[in-house]
Structure formats: C-alpha cells, structure tokens
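Here the structure comes first, spelled out in structure tokens, and everything after it is commentary.
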Amino acid sequence: MPTVLILGAGSDIAVALARRYAAAGFTLQLAGRNPEQLRPLEQDLRIRHRIAATVHAFDALDFASHAGFYRTLPAPPDVVLCVFGYLGSQEKGQENWQEASRILHTNFTGAVSILNVVAEDMAARGKGTIIGISSVAGDRGRMSNYLYGSAKAGFTTYLSGLRNRLWHSGVHVMTVEPGFVATQMTEHLALPALLTAQPDEVAKDIFKAAERKKNVLYTKWFWRYIMMIIKNVPEPIFKKKKL
Ligand SMILES: NC(=O)c1ccc[n+]([C@@H]2O[C@H](COP(=O)([O-])OP(=O)(O)OC[C@H]3O[C@@H](n4cnc5c(N)ncnc54)[C@H](OP(=O)(O)O)[C@@H]3O)[C@@H](O)[C@H]2O)c1
C-alpha cells in the first residue's frame, strides 16, 4: 500500500485529508508538534479503515531536526502533504519581530527546509508526489495580511520551481491554493458563508486533483477566477480599497 506523510497532521484540513487517504487504503505517517494529540486520530483511522498508521514528532521551526526526522520515518513516503501553517497577527507582526519571524519562518522557511529534504529523496528514487498547501493570500499583497501573504507567495514560487525541477525526475509537485476554509485558523474571523469551504470539501478536492496530477489547485474552484480579478485590479485603485 502507498504511504502518505502528513506534516502538520493536527490541522483541521490535515485531519480531513488523513481520513480521505485512509479511506483509500494508504498507510499514514502523521507528523506534528504534539504527537500525543495525534494518537486518538491514529487509533481511529486504524480501527475505522484497517490501515497502518504511525505518529511522529515534527516542528517546522526546528530546521536542524528535519533531515533526521525524515531519515527515521518507518518507510520513505510516496506522497508528502505539507499542511502546517501559521496565520498569526498582521498588526502584531508589524511592530513585533518575533511574531513576524514566526509567520515567515513557519509558512516559508520551515516548509522549504523539510521539502528540500523530501525532494532530494524523491528525486533519487525517481518517484513520488509532493503537495504543498499555500494560499490565495500569496497571490497579491493586501494591507491586512501581507506578512502571511508574502510567506505564502514565497512558498507558491518555491513549489512552482520545485515542480519544474522534479518533473524531470518523475516526481509530481502540486500547489494548493485554498480560499476561505472554516478551521481553527479562521474561527475568530467573520468569513462570508458563500465563499467558505469546509475542511472535508478541500480534502476531497486535493485528493482528486493529486490523482489527476494537477499542477495548481484552487479550492473551492471559483477562487481561481476571484484571484484573476483581484490580481488585475490596477495598483492605484487597489491601494485605496483598504483590503
Ligand atoms: N483556513 C483557511 O482559511 C486557509 C486558507 C488558505 C490556506 N490555509 C492553509 O491551510 C493549511 C492548514 O491550515 P488550517 O486552516 O487547517 O489551520 P489549523 O487547523 O490552524 O492548522 C494549522 C496547523 O499548523 C500546525 N503548525 C503551526 N506551527 C507549526 C510548527 N512550527 N510545526 C509544526 N506544525 C505547526 C499547527 O500545529 P498544532 O496542532 O501543534 O498547533 C496546526 O496543526 C495552512 O498551511 C494554512 O496556511 C488555510
């Protein structure tokens, strides 16, 4: 059975993805900062889907540990889902470097650090799939979240380059750009219901798109068109909008 490694497995989108991949018979490697919190999910997936699952400690900000973490997994994964992220506070980050650095390093540097390790292994094996969860926030800088947005923009560009490089080695890289999703990350925000997806809808889209080897997935689908419009608003108008 193929194996999927989920980085940031405690996230609401990751839990929905774990259920999808388990239902499809994948062996699961669940990695997160607090492995004990992942145990109930591991047990539930094992019983419900009769699949093998393991739990691993992983901190995106502990860059030095990434190579060792990957090397000690029970098996090299066929699919790696990079799901962790940190929205943080734009306002706090403007005046507090610790907050800004946490936003930048979790969403960009941490993802690059672990995926560099994964990429070398998959390139050597000549197979595999890397799926990175970026965000539509990376498509254009807005005054309300440009720290998070710029980190995700960097991640989107990293994934694009990685895809171009690894295609020559038989490895597929998919970029996922969710719009609003109802998760712990956004529970303090008043999201417009019509534009907001549930984690399970996002997981379904990702699973299907990965099977079809899509390069870039916007989820829900209409975000591709929303972002096309937003990206094309002239800067003199955009900066007056206070978005
Ligand atoms: N929700 C949205 O509207 C939305 C939109 C676009 C993109 N996204 C992206 O979707 C992904 C999943 O987010 P979500 O909405 O499911 O949010 P979530 O439930 O808040 O999950 C965020 C996850 O990231 C993990 N994490 C944070 N810092 C970490 C670190 N240093 N090391 C390891 N894990 C760390 C958290 O781990 P703990 O469990 O240990 O706290 C948590 O499991 C993120 O990349 C997010 O940026 C979300």
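Note that ligands are numbered from 1 as they come in the structure, with each ligand's atoms numbered from 1 the same way. Quick note: numbers below take in every heavy atom, side chains included, and nothing from hydrogens, waters or symmetry partners. Count residues from 1 along the sequence. The shown structure was predicted, so the numbers you read here are calculated from the model rather than taken from an experiment.
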For ligand 1, indicate whether the residue [X] contacts it via side chain, backbone, both or neither (heavy-atom separation under 4.0 Å).
X      : value
Tyr86  : neither
Glu177 : neither
Ser134 : backbone

Using distance alone, with no hydrogens and no angle criterion, decide if Thr219 and Asp205 have a side-chain donor and acceptor under 3.5 Å apart.
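Yes.
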Checking Asn145 against Gln90: is there a side-chain donor and acceptor pair closer than 3.5 Å?
no
Nearest-0.5 Å distance that lies between atom [atom1] in [X] and atom [atom2] in [Y]:
X      : Y     : atom1 : atom2 : value
Leu28  : Met1  : CG    : CE    : 12.0 Å
His188 : Ser89 : NE2   : OG    : 8.0 Å
Leu17  : Leu30 : CG    : CG    : 11.0 Å

Do me a favour and list the nearest non-hydrogen protein atom to [atom] with residue, atom name and distance?
atom                    : result
atom 44 (C) of ligand 1 : Val83 O, 3.1 Å
atom 13 (O) of ligand 1 : Met185 CE, 3.9 Å
atom 35 (C) of ligand 1 : Phe84 CB, 3.7 Å
atom 32 (N) of ligand 1 : Ala60 N, 2.8 Å
atom 14 (P) of ligand 1 : Thr183 OG1, 3.6 Å
atom 43 (O) of ligand 1 : Ser11 N, 3.0 Å
atom 47 (O) of ligand 1 : Tyr148 OH, 2.6 Å
atom 38 (P) of ligand 1 : Arg33 NH2, 3.4 Å

Asn107-ligand 1 polar pair, N/O distance under 3.5 Å:
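No; the residue has no nitrogen or oxygen that sits under 3.5 Å from a nitrogen or oxygen of the ligand.
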Does an N or O from Asp59, backbone or side chain, lie closer than 3.5 Å to an N or O of ligand 1?
yes
Counting only heavy atoms, tell me which of [options] gets closest to [atom].
atom                    : options                   : answer
atom 27 (C) of ligand 1 : Gly85, Gly8, Gly32, Pro35 : Gly85
atom 4 (C) of ligand 1  : Gly138, Gly179, Cys82     : Gly179
atom 2 (C) of ligand 1  : Val176, Asp12, Val181     : Val181

Main-chain N/O of [Y] paired to [X] side chain as donor or acceptor, under 3.5 Å:
X      : Y      : answer
Ser135 : Glu177 : no
Asp139 : Met227 : no
Glu211 : Lys208 : no
His49  : Phe26  : no

For Phe58, does the six-membered ring have the charged nitrogen or CZ of Arg33 within the cation-pi criterion, i.e. under 6.0 angstrom from the centroid and within 45° of the normal?
no
Enumerated ligand 1 atoms positioned under 4.0 Å from heavy atoms of [X]:
X      : answer
Thr106 : 28 (N)
Thr186 : 1 (N), 2 (C), 3 (O)
Ile133 : 9 (C), 10 (O), 11 (C), 45 (O)
Ser135 : 6 (C), 7 (C)
Phe180 : 3 (O)

Angle between ring planes, Phe155 versus Tyr158, binned at 30° and 60°: parallel, tilted or perpendicular?
parallel
Say whether [X] and ligand 1 are in contact under the criterion: heavy-atom distance to a ligand atom below 4.0 Å.
X      : value
Asn34  : no
Phe58  : yes
Gly110 : no

Residue pairs meeting salt bridge (Lys or Arg N to Asp or Glu O under 4.0 Å), one or both in residues 148-174, sequence neighbours left out, come to Glu120-Arg165
SB check Arg20 Asp200 (cutoff 4.0 Å)
yes
Using 4.0 Å as the upper bound for N to carboxylate O, is an ion pair formed by Lys239 and Glu235?
no
